[in-house]
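Okay, structure first, notes after.
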Amino acid sequence: MKVSETIIGQVHGKEVVAYTLTNPNGISLTAMTYGATITELLMPDKNGKTENVILAMDSLDDYVTHRPYYGATIGRVAGRITKGAFDLDGTAHQVVVNEGGNQLHGGPTGLDTLVWDAEVQASADEASIHFTTIDEDGANGYPGTLSVTVSYTLTSDSEWKITYRATTDQATLFNPTNHVYFNLSGDINKPILQHDLQLNSAAFAELGDENLPSGALLPAEGTPFDFRSGGKLSVAAEGSHPQTRKVAGFDHPFLLQHDEGQPDAILSDTESGRSVKMFTDQDCVVIFMHNGAVDKYTIAGSPVIQYAGITLETQALPDAVNQEGFGDITLHPDEVYSAETIYKFEVQN
Ligand code: GAL
């Protein structure tokens with residue numbers, strides 16, 4: 001395994017470092033300390049052509065100015081919290097809201113906006129970047145000083161393994177994710193609608209007003225949300241289902257069933273021969289398809305098209321703290337949070 005590092009700039013008066021891990025199969029992963037963000041995933045296609053298969057901004061400044069969440073570590077709480085309000089062990093809390101009256105992706109200075117510390121470690125079989133940060137008591141309105149470690153490991157089997165570990169000194173909420181967008185064609189000007197998805201999920205969370213979960217978990221059977229036998233993502237863009245129409249695609253939490261040893265999801269692109277298998281210990285994956293075009297910034301000189309990439313955001317269900325039966329995302333001082341997600345990259349010739 002090869003490892004290299006470069007200083008790419010400064011944010012909040014602190015140097016930002018980018019690390020590149022390269023495996024013997026020609027896969028190389030670059031991630032930076034700003035937001036513990038993955039900024040490039042190079043992999044060959046079926047003809048041996050190596051391209052970047054994730055969405056990334058052109059510069060560090062663009063990440064800071066536009067906060068696109070591309071490839072970033074999201075937290076403390078991924079997704080939306082209704083009105084930024086919740087009850088924690090009997091005490092009412094109000095966190096800082098940043099999307100209308102709700103909180104999105106951890107608030108205005110979420111984990112994706114911090115400059116993390118990092119250390120690298122490499123052996124013959126794998127290389128890791130261990131990102132660490134301390135999120136101060138009161139940051140974005142959350143109680144407790146939170147110590148977080150997020151490790152990215154690239155293996156010689158072409159797995160990108162993300163592990164999360166966190167502790168706190170007061171009860172708080174923690175439900176992180178990674179917001180990487182895949183476009184396996186290697187061309188972000190080509191929509192992901194012809195990608196195939198297979199997903200081991202029989203239910204999804206309905207969206208109500210303001211893209212908040214309504215609280216209902218609906219069966220996928222007979223809807224465009226059923227990918228148990230696989231299908232093209234175009235169903236989300238073209239169908240007449242009110243839930244896909246509501247957001248012009250998917251922006252939905254899917255409940256995962258988890259079959260031992262089986263991937264929870266497989267995303268593939270026949271044309272390039274590339275695929276990514278996802279394995280996670282989390283209850284849900286939020287799938288978002290970059291449902292709108294973006295013209296407030298450009299990438300390589302072009303605005304970003306609608307459906308430029310697809311996220312597979314593994315996490316506990318969003319707004320869990322306010323929705324009955326959505327799980328418990330409280331972290332107490334005597335607990336250690338831990339979670340793991342693996343994306344395994346493959347090429348079919
Ligand atoms: C997703 C979220 C979307 C959108 C996106 C960031 O996780 O569900 O609604 O906010 O992040 O652009």
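Counting begins at 1 with the first residue of the sequence. For ligands, and for the atoms within them, numbers begin at 1 and follow the listed sequence.
Salt bridge status for R228 with E221: present, with a side-chain N to carboxylate O gap under 4.0 Å. Contact check on K46 versus D269 returns no salt bridge, with no Lys/Arg side-chain nitrogen under 4.0 Å from an Asp/Glu carboxylate oxygen.
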Practice item. Apply ring-ring contact (aromatic ring centres under 6.0 Å, His included) to F225 and H241, showing your working. Key: CA-CA 9 Å; F225 292 80; H241 193 282; 5.4 Å; yes
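Residues S201 and D226 come closest through the heavy atom pair O-OD1, 4.4 Å.
Closer than 4.0 angstrom to ligand 1 sit non-hydrogen atoms from Y69, R80, L104, H105, H179, Y181, D251, F288, E313.
The side-chain heavy atoms of H252 and Q243, taken from C-beta on, include a pair separated by under 4.5 Å. Within the 4.5 Å cutoff, side-chain heavy atoms of I81 are placed close to those of N322.
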